[in-house]
Amino acid sequence: MIRNPILPGFNPDPSICRAGDDYFIATSTFEWYPGVQIHRSKDLVNWDLACRPLNQASQLDMRGNPDSGGIWAPCLSYADGRFWLVYTDVKRLDGNFKDAHNYIVTAPSIEGPWSDPIYVSSHGFDPSLFHDDDGRKWFLVLQWNHISNSVGGHPRHPAFDGILLQEWSETEGLKGEIRKIFSGSPHGLTEGPHLHKRDGWYYLTVAEGGTGYGHAVTMARSRSIDGPYELHPQTHLITSKDTPDAPLQRAGHGQIVETPDGKVYHTHLCSRPLPGRFSPLGRETAIQKCEWRDDGWLYLEDGGTVPKVEVPGLTAAEPRPLQRVERSFTGDSLPPEFQWLRTPYPERLFTLTGTALRLTGRESIGSWYEQALVARRQEHLSYRVETTLTDFAPTTYQQAAGLTTYYNRHKFHFLAVSWTEQLGRCLTLLSCPGDWPDGRMSFPADPVALADGPVELAVNVDGARQQFFWRQEGRDWTPFGPDLDASVISDEGGRGEHGSFTGAFVGMLAFDITGQGKTADFSRFSYAPEGT
């Protein structure tokens with residue numbers, strides 16, 4: 001039995017393909033470097049991280065990309081003995097424009113080596129590559145219309161100006177006539193195109209309704225690849241837009257995959273919101289069992305459009321139990337669950353010393369260029385994190401290091417070791433509870449003097465509440481500061497729905513805005529979901 005979401009925590013825009021006996025899902029990580037991650041499974045139940053393909057400076061540099069910019073909607077396919085990954089790098093998010101550049105990389109195996117990017121176009125975002133059975137390849141992408149009123153995180157239909165189709169080849173690039181093949185259903189905000197061919201029909205699935213609570217997977221079909229496309233009898237294959245009590249909300253944007261014996265599934269993104277409709281886990285990946293019916297259309301196996309939490313799997317495999325994850329940073333590489341922001345030069349942000357993760361303080365928290373933040377996704381609505389800051393000796397309040405729950409420059413809480421003239425080395429709390437666009441911070445606790453030596457830091461998150469803790473020299477854990485609002489560290493927090501897309505992270509942070517690069521050593525990090 002498959003239990004959704006199959007990839008918990010921020011794993012949006014899932015594209016799925018099969019190669020041999022393995023299934024692969026690619027999801028975007030936006031401005032979190034390296035931008036795309038690919039998971040592998042043999043049973044559609046348990047998934048393991050296979051690779052992060054865009055991991056070199058020649059492939060991706062997101063310095064300066066805005067919050068929730070970066071990599072959008074990667075499309076993964078397997079054809080001609082190779083994996084093909086198509087993706088957008090979004091350089092501008094606000095205002096009327098989307099500077100969205102589309103690329104293709106390939107690899108002979110999922111582990112690589114992945115090629116340097118081939119530039120394709122900048123018409124819009126959410127590209128895909130369709131491999132037809134005659135050997136031709138077709139590039140699909142949303143066309144973005146800046147002459148519209150889609151501004152400031154409030155999408156409007158006219159900006160989503162239909163799905164474009166054009167032939168593409170490795171040697172010639174885009175060629176032939178460019179055609180708008182689909183303008184969408186009346187639901188609007190049409191994006192995320194994927195083509196699937198069956199029995200002489202071209203089936204087009206798109207995401208519609210925006211990434212909020214009106215999200216949907218819409219289906220259409222045509223006998224010709226360039227249309228005209230007729231809508232599905234239900235219009236939507238998957239959506240929770242009319243079912244506010246469904247456990248999986250914001251369902252949309254996915255892709256069809258068929259098994260060798262003819263079973264068919266469709267991935268989709270979703271969220272599991274807290275009361276009040278806040279999604280700290282971001283948009284997660286789920287999968288639904290479907291069936292082709294006599295009318296030639298695809299439907300959810302049990303009918304309707306509302307996604308289910310449990311669906312039949314390929315085998316009797318059961319999901320792995322929850323586990324506490326302990327990291328000691330004694331190796332020579334970053335543990336696989338951790339990521340950083342934007343830069344392809346992580347050695348300027350952190351190194352592994354053999355006994356610690358050493359962060360080099362760079363620009364301020366929320367910088368779009370060099371921010372020394374190493375963090376992992378929040379994957380559970382309730383969890384505890386602990387870390388030990390073994391070596392950090394600030395000499396000015398412009399230097400700080402510690403533990404943060406983080407979404408972007410407007411949404412974070414940061415328990416920091418810093419310095420004041422009155423106390424010297426001390427513990428303090430910096431918070432930005434969704435103040436968009438100014439990013440105004442508050443300081444919810446009075447600083448507390450610290451002794452020299454290591455400091456242990458912790459945070460308990462329980463739904464919409466979080467509490468920081470600290471201790472030194474073997475003493476008991478002591479709360480620091482008040483209960484804080486954890487719900488604001490979410491997709492909908494601050495700016496609101498449609499304004500940000502990346503989910504909550506928790507991790508270790510250092511800054512040194514003197515420019516001197518003060519270092520901070522962290523010797524361990526543990527993440528414990530509730531119940532472990």
Can you pull out every ring pair (Phe, Tyr, Trp, His ring centres under 6.0 Å) where at least one residue sits in residues 209-247? Sequence neighbours excluded, please. His187-His236, His232-Trp297, His232-Tyr299
Report the residues that fulfil salt bridge (charged side-chain N to carboxylate O under 4.0 Å, His left out) with Arg63, sequence neighbours left out, ordered by chain and then residue number.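 Arg63 satisfies salt bridge (charged side-chain N to carboxylate O under 4.0 Å, His left out) with Asp61 only.
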Sequence neighbours excluded, which residues qualify as salt bridge (charged side-chain N to carboxylate O under 4.0 Å, His left out) partners of Glu310? Arg3
Test of understanding: with side-chain contact (heavy atoms from CB on, under 4.5 Å), list the residues that count as partners of [X], not counting sequence neighbours.
X: Pro244; answer: Arg277
X: Asp302; answer: Lys308
X: His123; answer: Ser121, Val141, Leu164, Ile178
X: Ala159; answer: Trp144, Ser148, Ser150

Results of side chain to side chain donor-acceptor pair (under 3.5 Å) for [X] - residues two or more places apart only:
X: Ser58; result: Asp116
X: Thr239; result: none
X: His101; result: Ser122
X: Tyr407; result: Asp491

Before accepting this row, confirm whether a basic side-chain N of the pair [X]/[Y] lies closer than 4.0 Å to the acidic partner's carboxylate O.
X: Lys263; Y: Glu291; value: no
X: Asp226; Y: Arg179; value: yes
X: Asp21; Y: Lys42; value: no
X: Glu284; Y: Arg377; value: no
X: Lys411; Y: Asp67; value: no

Taking the cut-offs as 6.0 angstrom to the six-membered ring centre and 45 degrees off its axis, would you call Arg376 and Tyr527 a cation-pi pair? yes
Answer yes or no for Arg223 and Trp201: cation-pi contact, defined as NZ/CZ to six-membered ring centre under 6.0 Å and angle to ring axis within 45°.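 Yes, a cation-pi geometry.
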Residue pair Thr315 / Asp43, side-chain donor-acceptor N/O under 3.5 Å: no
Going by salt bridge (charged side-chain N to carboxylate O under 4.0 Å, His left out), name the pairs with one or both residues in residues 76-85, residues two or more places apart or in two chains.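 For residues 76-85: Asp80-Lys137, Arg82-Glu170.
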By the definition side-chain hydrogen bond (donor to acceptor under 3.5 Å, both in side chains), identify the one residue from Arg283, His39, Gln37 that meets it with Asn11.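 It is Gln37; the other options fail the test.
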Between Asn65 and Lys91, is there a side-chain heavy-atom distance shorter than 4.5 Å? yes
